[in-house]
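For clarity, every value in this text was computed on a predicted model and none was experimentally measured. Letters A, B, ... are given to chains in the order of the sequence lines, protein chains preceding strands, and every chain is numbered from 1.
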Amino acid sequence: MTVNGRAVEAAPGELLIDVAERAGTYIPRFCYHPRMEPVGMCRMCLVEVEGPRGATLQPACYQRVNDGMVVTTDSPKAKKAQEGVLEFLLANHPLDCPVCDKGGECPLQDQTLTHGPGETRFVEEKRHFVKPIEIGPLVLLDRERCIQCARCTRFAAEVAGDTEIAFAGRGDLIEVAPSPERPFASVFSGNTVQICPVGALTAKPYRFAARPWDLEQVESTCTQCAVGCRLAVQSSGNRLTRVLGVDSDPVNHGWLCDKGRFTLDAVDGHEGASDPLDPSHRITRPLVRRDGSLVEATWGEALARAADVLRAAGEVDGGVGVIGGAALTNESAYAWARLAREVLRTEHVDAQYGDGLDARRVLALPGATIDDAAAARVVLTLCGDPREELPVLFLRLRGALVRPGHDLVELAVGPSALHPLATVSIPVRPGEAHRVVEALLDEGRAPADLGLDEDARERARRLLDDGEGVVVVAGRTNLAEDPAVVERALTRLAEGLPRATFLVASRRGNVRGAIDAGLAPGLRPGRVLAAGGRDTPAQLAALREGAQRAVLVLGDLLGNVLDRTGAEAALERADVVVVAGHGGATLAYADVVLPAAVQHERTGTVTNLEGRVTAVVPKVVAPGAAWPDVAIAAELARSLGAELAMDTVEDAARALESSTGYPALSVLLDATSEGRLAGGAGAPAPRRPLDPMAFPGIRSAEWVGLGESAGDVVESAPAAAAPTLAAPTLADLGSAPVPEVPGRDAYGLALRVAPRLYDHGVAVTGSPALAALVGPTVARLHPGDLDRLGLDTGGRLVVRGAGRTVELRVARDAQVPRGVLEVAFGALGDEGEDVNALADPGAPITQVKVEAR
Amino acid sequence: MSHLRVDLRQRAEELVALYPRPRSAMLPLLHLVQEQDGYVSPEGIDEVAELTGTTPADVRGTASFYDMFHLEPVGRYVVGVCTNIACLLAGGEELLAHASRRLDCAVGSTTDDGLFTLEETECLADCGHAPCVTVNHRYVRTTTPEAFDAMIDEVRQGRRDHEIPDHGTLVRVRRNGGLRVPDEVIAAERAAAKAARARRLEGAG
Amino acid sequence: MAVLDAPRIVTSRLDFEDSHTLARYLATGGYTALRKALSMHPEQVAAEVDQASLLGRGGAGFPAGRKWSMLRPSEVAYLVVNGDESEPATFKDHLLVERDPHQLVEGVIIAAYALQVNRAFIYLRGEFALGLERVQAALNEAYDHGALGRDVFGSGFSLDVVVHPGAGAYICGEETALLEGLEGKRGFPRIKPPFFPAAQGLYGEPTVVNNVETMSNLPWIVLNGGAAFAALGAGRSTGTRLFALAGRVNRPGVYEVEMVKNTFRDLIYDPAFGGGVPGDRPVKAFIPGGVSAPWFGPDQLDLPLGQDEVGGQGSMLGSGSVVVLDDTSCAVRAAWRITKFFSRESCGQCTPCREGSGWIERAMYRLEHGGGRVEDLDLLLDLCDNIAPGLTWPPQQTTICVLGPSIPSSVHAAIEMFKDEFLAHVETQGCPFD
Ligand SMILES: Cc1cc2nc3c(=O)[nH]c(=O)nc-3n(C[C@H](O)[C@H](O)[C@H](O)COP(=O)(O)O)c2cc1C
Ligand code: SF4
Ligand code: FES
């Protein structure tokens, strides 16, 4: 085809606006967004297209190209049409650029400066609306500035799948509105602010925080969960101001969840918070315990004390262990794994907190990428609510499942935002997943006590077939359940569906990378199988029993374990060294605290749930005397009389890559790429053009990429001929053991504990904007169970379990399986009691007794 | 708990059943809510969202596109006076001004007694009787100020109740049954027709 | 002289008080056309309609037979009747649905049979409260009579018809916006391509959308044959057509008129129709086909009422409404009021339509009510040009649907035809007609 007289290659059916852009012709636009269906509403992209009736004006964002098409984007007619649209858009637009957050990075402003009329011909009175209104807890709307492009409403309906905001009114009175009774509370609300082409939608936390021209940005990876969304981190000087989603084709398509976007307030900590037990307190100096309290110390003192503690404990066999590290970079995790194994001579290392699955089994499953799951004929889920645990994975799965040719078979362990899209949904109660899987794979009659719907089972079996085109998305479904249940279910699926692949929905930020780097019992760096060590629950038990004497905690422990009482008892008896960026309850037991750099302050690589390694790039300098973990590990090794030979992150990355084949250094050197799959083949995917609506420095009128302003790129190439990355296989491990689950007690309910996005962790509680969103504690029950109890939403229930009694408000939820009582991980009762203490630690499942209040 | 009265809830479900997809019943359902509450109430919105499988924001957004739906309470009688071209040429603006004086309420607002809401409307497709006036969407054909005043008096005295029901338009419209032809029957018929056509084509070829 | 000897095709029953009842309908030959159609092959029925050259009566004037032949073959297809009638000064469908609903229903069944679709929807504008009642009552009667539902008159053909009430939005007359309304959404016209609902319509399935009057012609065509219909009128404009006559005439109303054989002058002046202008004042201008159409002046009074005849002169027969302005009518006020209508009724998707209509309306308001400037005329024309580039007829467009390019029709015409009147408004800073 021809664009402005030049021949251009394109595939039939591609959108003209994309084809032209690829060929270097930027067609102005407002409503078009490359990740949403075109709607052709704003009419900014009008160009001339030759047709049977001569050249006509057509919207390039909607027009699909065909062979021999002749297009002119800069003819006088096209220009006049575009300028006419611009003038119409400006007619009612307020002249408040100087006080508008979007000023300086506004496509409307850019277009106007570049192409617009110098003077306004509009002498009428402008449209007036009452000033900004709060449409959701995080988003404000200034209706006067809205240009009715429908990007935000389409995002809500089409991408997030939840029409919490919609156009109201007609004609020039159209406005974006939530229902007055229900605010725009989507966990994806911040995306609408990012894609708004003008300053109509603004984010409360960012409002008036900075002017775009003061901002500098780097491209990095979010570590709030294991999806690993790519993002741009912006700061004004050394103050973090804003995070924006970057469009990574294999991962996040430009979207972020609000936790990833708005948690940046938590990084610095609250200025007022000075209690080291407060998670919003930022640790900036080393601390040592003296006369019972933590006092500031020099690095030298602190390291010496830590070394003493660990050395003394290490004199007993199995006396030291390491817990945590899933929030670190691969390089940091690698440095700690080396320290643990080579210096402390312990195999007791675990990046997970008893909330994951056996790392060896996870790695042995045939892997699938997010793209594989999105392309799958059938997705089989056995996991918690992906919108709560891995929000952007939910968006990717949803985006696929709403299209024809994709089916979802849901093993429904509890409420899930994917549920409405399920072709078949099979309720699964705690302790039964492996048996339900067995019943799916087996043609015989299903055991009656499972209560399976035969028709659903049949439909699921037919869809799953031999696993061809099936991707299993699986994770820990219930923190109060023995992980052996899901592990057994997964190996049986791998055996029974030989062609299926697996996307393991591990939740924590860089848990996959930490495991790969060697922070897992039974796995040495580079996924090498080793003799087993203690996992976190085992270490805590050993500490309680005195078999283990000291523990090195990387990050927070108490906020992450289910059995908090048991963990407290363990720490009480132990010598504790904590490496952390923020305060927290764990510090009450620490003998030494070593301050570490946290996200947006550190460099390195991280690995997402599919095994994709991408770079994290620092934007600000860590406060006070906080160091990067790699440096802390190296210095601690020295204090222990050993040498890790890793003084910089690059050293660690080089060592990791050259010794195991893990793509650390090579990714670090190419920080703005889409990353590389660890152990996977294939060239990195080409980067999509950015949506030029939100990035300072990306003028919509003269489009450039983000790469230019990305962080410092090291210029040297990685070491040649790295070894191939190892991985355990199913054959190495054998089938997972069948867990022993006691029969159900007809009078009780089985407890399910599931994480929620807005939890009590540092990322949420440390950010004032997010902390307000933590939901109240409720027990969710199936309507049938509530009716039996004579309760309705809002009623109160007395729950007894594990020797404790807690009173909880109830909520009716048809997605909770019958016979199950569900609470959120970390939930606190009205009196601040630990609701999770209802769970019986170590029991395969917990049954609770309930009584209406 | 249904916000709609039992009988209206039943009609609502009948309406949903009339269409191949529940959302299609949106406009009739909103008319129904308006019939009961006099306007599209928040509770009604929630119920329509439930009946159509949508969200309250979506229902509200949809309702607000259409002039006949009121998102705020209105008078028991909504008086519409058209000023569009045919009525303009016949004195529609003057009649509207008269109505406003007579009802003692500004255009777009409701009388103090909550009885009348006065609206300026676009063409109501009754231009043979311009300027056109409707009350609750019934054409009253009062083209002069005197006739208008007489009509208002009658309405006040309840003498037009047989002709002008409160609020909605659907009051007296009711399907005497749901979709009558089951999908299977239709599918079977279509298959038969297709087979017949194929036979004919074969015969012809 | 008006030609008045054509048969009354769609208004034959209107002299009866009870014209809307089944009893009257049956007594006047109702449902015999349906029985005849059912005895024919569906394709034969369609062929008769094609031969009749029945041009769509909704506004675009597309031949119904051609439209039907474009229906994409599919398992599921729909027939949708457009009874949203909201084009200002158009009130013919109003008459048909209130006064002869069975004729419409019979037409719908015939069309559905010809198209072999089993579901039809009649979208009536919500303000037609009585029309909604009457059509629903007619449908109920038709079901009971065996003309609807399973196995229509024992023919093996089944059909369900649902009446769908609109709720006050002119744009829902645009066929794709109407389908959105029928799907329970905001009435946003759909972007083209796909160009025709016949390829992708209701729920994405092939759909035929036809106007109420178009449908109401079908019983007569089936009974009398397409050739008999085509023998009336001339050229492509065959049969009779309903004209809604309004504005400055003695007898505003709906008249069934044989196409082409009669002129606008006949329609406006003949005692059988409009009966002339009150006070015998001169016609200053008239709008030949709804307010979307460019205006005509007295010079065009002798144009025949034919689609191509009017189209050739730079306007359209459109929705069949004729509005007469005499020398007491202010052209600026008329054009302003029409723009105000478009501004209120723009769905709001397209920038030029949404913002352009509001801008033009406000500028026109100033001109009419004081505050006009001479330069406003050029500004208005340029704004019009930005909505309908070139200001040609048929218009080019910068918008999704043709509501956009309808906005300039009256403003452009008024400025062209009555520039002096505009200047007088500027000069007196008010309306000289007040
Ligand atoms: C803005 C706009 C409004 C319209 N309003 C109506 C209407 O009220 N009634 C109608 O039948 N057609 C209306 N139409 C035309 C329809 O889109 C469509 O062409 C017509 O219903 C087809 O029926 P026909 O072929 O029988 O005329 C309108 C078109 C536009 C662009
Ligand atoms: S031209 Fe106007 S009415 Fe038509 S789609 Fe665009 S904004 Fe809506
Ligand atoms: S119409 Fe194409 S970008 Fe908006």
Side-chain angles (χ1 to χ4, degrees), chain A residues 30-31 37-46 48 53-59 61-64 75-78 80-93 117 120-127 146-150 153 157 163 166-175 404, chain C residues 168-172 177 185-193 204 340-366 371-373 375-376 378-380 382-390 394 396-401 403-405:
Chain A
F30 291 110
C31 67
E37 291 297 318
V39 288
M41 279 173 62
C42 75
R43 317 305 287 178
M44 190 63 214
C45 65
L46 290 171
E48 272 198 283
R53 273 177 258 130
T56 53
L57 290 164
Q58 302 290 344
C61 71
Y62 195 81
Q63 196 72 38
R64 306 215 173 250
S75 63
K77 192 164 149 198
K80 177 153 198 289
Q82 292 172 6
E83 281 157 24
V85 170
L86 193 60
E87 186 182 28
F88 283 138
L89 281 174
L90 291 168
N92 278 297
H93 198 80
T120 178
R121 300 191 288 174
F122 187 78
V123 297
E124 324 301 331
E125 192 175 337
K126 290 186 190 259
R127 199 158 52 220
C146 174
I147 59 166
Q148 287 89 5
C149 69
T153 52
T163 311
F167 269 159
R170 193 176 67 208
D172 65 356
L173 295 176
I174 279 188
E175 56 181 282
Chain C
Y170 162 67
I171 194 59
C172 285
K185 301 179 189 154
R186 298 165 55 78
F188 276 174
R190 296 179 183 169
I191 189 150
K192 289 91 192 163
K340 175 171 165 185
F341 164 76
F342 284 123
S343 166
R344 277 174 69 163
E345 298 295 340
S346 163
C347 82
Q349 284 188 94
C350 312
T351 306
C353 174
R354 178 185 69 238
E355 303 294 338
S357 59
W359 188 346
I360 295 174
E361 189 266 319
R362 277 173 271 183
M364 289 291 290
Y365 180 89
R366 263 195 301 107
R373 308 166 307 169
E375 62 263 39
D376 286 333
D378 283 340
L379 173 64
L380 282 167
D382 193 53
L383 295 178
C384 287
D385 184 76
N386 283 343
I387 301 174
Q396 298 220 36
Q397 66 193 78
T398 56
T399 52
I400 293 174
C401 87
L403 187 146

Side chain to side chain, [X] and [Y], heavy atoms closer than 4.5 Å:
X        : Y        : result
C/Ser346 : A/Asp172 : no
C/Asn386 : A/Glu87  : yes
C/Ile400 : A/Arg43  : yes
C/Asp382 : A/Arg121 : yes
A/Phe88  : C/Leu383 : yes

Worksheet item: Among A/Gln63, A/Arg53, A/Arg127, who wins on heavy-atom pairs under 4.5 Å with chain C?
Response: A/Arg127
Closest non-hydrogen atom pair between [X] and [Y], with its separation:
X        : Y        : value
A/Gly40  : C/Ile191 : CA-CD1, 3.6 Å
A/Asn92  : C/Glu355 : ND2-OE1, 2.8 Å
C/Thr351 : A/Val85  : CG2-O, 3.8 Å
A/Cys42  : C/Pro352 : O-CD, 4.5 Å

By a 4.5 Å heavy-atom criterion (distance strictly below it), what part of [X] contacts chain C: side chain, backbone, both, or neither?
X        : result
A/Leu46  : side chain
A/Ala78  : neither
A/Pro59  : side chain
A/Ile147 : backbone
A/Ile174 : side chain
A/Phe122 : both
A/Glu124 : side chain

Worksheet item: Picking from C/Ala363, C/Gly358, C/Pro389, which has the most non-hydrogen pairs under 4.5 angstrom with chain A?
Response: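 Max contact count across the listed options: C/Ala363.
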If only atom types and distance count, is the side chain of [X] paired as donor or acceptor with the main-chain N or O of [Y] below 3.5 Å?
X        : Y        : value
A/Arg170 : C/Arg344 : yes
A/Tyr62  : C/Pro193 : yes
C/Arg186 : A/Gly169 : yes

Worksheet item: What part of C/Gln397 gets closer than 4.5 Å to chain A, counting heavy atoms only: side chain, backbone, both or neither?
Response: backbone
Worksheet item: Is it the backbone or the side chain of C/Arg373 that comes under 4.5 Å from a heavy atom of chain A, or both, or neither?
Response: side chain
Fill in: Residues, nucleotides or ligands: over 12 heavy atoms within 6.0 Å of C/Tyr365 OH
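No, because the 6.0 Å sphere around OH of C/Tyr365 holds 12 heavy atoms or fewer from other groups.
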Response to the item:
Interatomic distance, SG@A/Cys149 vs CD@C/Gln349, rounded to 0.5 Å, equals 12.5 Å
Fill in: Interatomic distance, C/Cys347 atom SG to A/Met41 atom CE [nearest 0.5 angstrom]
7.0 Å
Worksheet item: Do A/Glu125 and C/Arg362 meet the salt-bridge criterion of a basic N to acidic O distance under 4.0 Å?
Response: no
Worksheet item: Any side-chain donor paired with an acceptor under 3.5 Å for C/Gln396 and A/Lys77?
Response: yes
